[in-house]
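Report on one structure; see the data block that follows.
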Amino acid sequence: RGFFNPSRNDSNVLILLSLDSSASTLKKFTHLLTSNSFFLTSFFVIFLSVFTLIVTICVMEGFKEEFKNNIIGIRPHVKVYFLGNSGKPELINDYKSAASTIKGSEVLFASEGIAGEGMVTIKGGSKLQGVIISGITKEGFLNRKLLANNITKGDLEGFNEGEDIIIGSELAFLMGVKKGDIINLISPKTRSTAFGSIPIHKTFRIAAIFHVGIYFYDSSFVFIPFKT
């Protein structure tokens, strides 16, 4: 009791000391809690950022692979032309021999083909649509897996010999036609007649309809037999 003033209440001093000790502990606990909260928040933000980055990369890589497969699934990787004396591409007469020469260990498939532009019309000429025309063999079509695996209506039976045509689903919708209907294919090239030059045209029967899921291909590509 010698350390205290007898006139003062000792219990008040003890209470003050106790409150001071509790405040210090609470301050330390609050500091620790704040530190842990900051650490957890930082960890969560970093985790979320890395997760978002990984998901974005995966989605982009998947889209890139899908886009690449769709592009090369219809169009060839390489086109080989024969240059004549004029320096312009000309028809390859012995195309089978040329295709055999091109085939090798690094070439999976080589096929003859002709490509150009034209227009499709139905009977009466009420509807007209510009298209990309590909002359192709049955084997060449079947080796384009994106096309061969996505034929929704019809088949390729007799495609090489008949006057058949294969069109996309969107083109069929735009023209209002279906499997078995007759359409007219008009070439930009002309032929001379007694009445002047007229466009070359030919009728075809729709043998099959494909749907690859890309509007440009489904609405603009048509395939006819190579011999045609």
Side-chain angles (χ1 to χ4, degrees), residues 59-81 89 91 108-191 198-228:
V59 170
M60 292 302 295
E61 283 297 320
F63 176 77
K64 176 183 176 182
E65 189 68 21
E66 184 70 15
F67 182 74
K68 182 178 70 174
N69 290 336
N70 288 337
I71 292 296
I72 66 178
I74 292 182
R75 298 193 174 189
H77 298 182
V78 178
K79 293 182 179 180
V80 179
Y81 297 93
L91 292 176
L108 300 178
F109 181 77
S111 174
E112 58 275 15
I114 299 176
E117 296 179 350
M119 303 193 79
V120 169
T121 182
I122 59 176
K123 186 177 180 180
S126 59
K127 294 183 179 179
L128 195 66
Q129 182 74 21
V131 293
I132 298 173
I133 307 169
S134 294
I136 193 172
T137 63
K138 180 179 179 179
E139 292 73 21
F141 188 91
L142 291 175
N143 272 277
R144 300 185 183 189
K145 300 302 182 183
L146 184 63
L147 290 171
N149 295 337
N150 288 286
I151 292 180
T152 57
K153 297 178 182 178
D155 53 57
L156 301 183
E157 186 177 354
F159 177 75
N160 281 342
E161 305 299 331
E163 302 298 327
D164 293 339
I165 188 170
I166 304 171
I167 67 175
S169 57
E170 293 295 337
L171 180 60
F173 174 77
L174 291 172
M175 301 300 292
V177 295
K178 61 184 182 302
K179 174 186 174 296
D181 287 350
I182 303 298
I183 59 176
N184 194 30
L185 196 60
I186 304 173
S187 170
K189 294 183 179 180
T190 60
R191 60 183 176 184
I198 60 173
I200 299 174
H201 64 92
K202 190 176 181 64
T203 58
F204 291 88
R205 180 186 68 88
I206 300 176
I209 297 175
F210 64 85
H211 177 78
V212 299
I214 302 177
Y215 182 81
F216 175 66
Y217 292 146
D218 291 335
S219 65
S220 303
F221 276 71
V222 300
F223 298 88
I224 61 176
F226 177 75
K227 293 182 179 180
T228 304

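Keep in mind the model is a prediction, meaning the values are calculated, not measured.
- Proximity of Val212 to Leu147: side-chain heavy atoms (C-beta onward) are separated by under 4.5 Å at one or more points.
- Atom NZ of Lys145 is separated from atom CG of Asn150 by 12.0 Å, given to the nearest 0.5 angstrom.
- Of the inter-residue distances, the one linking Phe223 atom CZ with Phe159 atom CZ reads 8.5 Å to the nearest 0.5 angstrom.
- Residues that satisfy the ring pair (Phe, Tyr, Trp, His ring centres under 6.0 Å) test with Phe216, not counting sequence neighbours, are Phe221.
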Output a table of donor-acceptor pairs, distance under 3.5 Å, between side-chain atoms of residues 134-142 and any protein atom two or more places apart or on a different chain; print 'none' if there are none.
residue : atom : partner : partner atom : Å
Thr137  : OG1  : Gly140  : N            : 3.0

Stepwise side-chain contact (heavy atoms from CB on, under 4.5 Å) check, Val131 with Ile167 | CA-CA 10 Å; Val131 293; Ile167 67 175; over 6 Å; no
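- Between Gly118 and Pro188, the shortest heavy-atom contact is CA-CD, 4.1 Å.
- Note on residues 199-212: pairs passing salt bridge (charged side-chain N to carboxylate O under 4.0 Å, His left out), not counting sequence neighbours, are Glu163-Lys202, Asp164-Arg205.
- Using a 4.5 Å heavy-atom cutoff, the side chains of Ile209 and Ile166 are not in contact.
- Atom CD1 of Ile151 sits about 13.5 Å away from atom NZ of Lys153, to the nearest 0.5 Å.
- At least one side-chain heavy atom of Ile165 sits less than 4.5 Å from a side-chain heavy atom of Ile183.
- Here the OG-CD1 distance, from Ser220 to Ile133, works out to 12.0 Å after rounding to the nearest 0.5 Å.
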Which atom pairs, donor and acceptor, lie under 3.5 Å between side-chain atoms of residues 168-180 and protein residues at least two apart or in another chain?
residue : atom : partner : partner atom : Å
Ser169  : OG   : His211  : ND1          : 2.7

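- The salt bridge (charged side-chain N to carboxylate O under 4.0 Å, His left out) pairs that include a residue from residues 207-226 number zero, where partners must be two or more places apart or lie in different chains.
- Val120 has its side chain out of reach of Leu128: every pair of non-hydrogen atoms, C-beta onward, lies at least 4.5 Å apart.
- Residues that satisfy the ring pair (Phe, Tyr, Trp, His ring centres under 6.0 Å) test with Phe204, not counting sequence neighbours, are absent from this structure.
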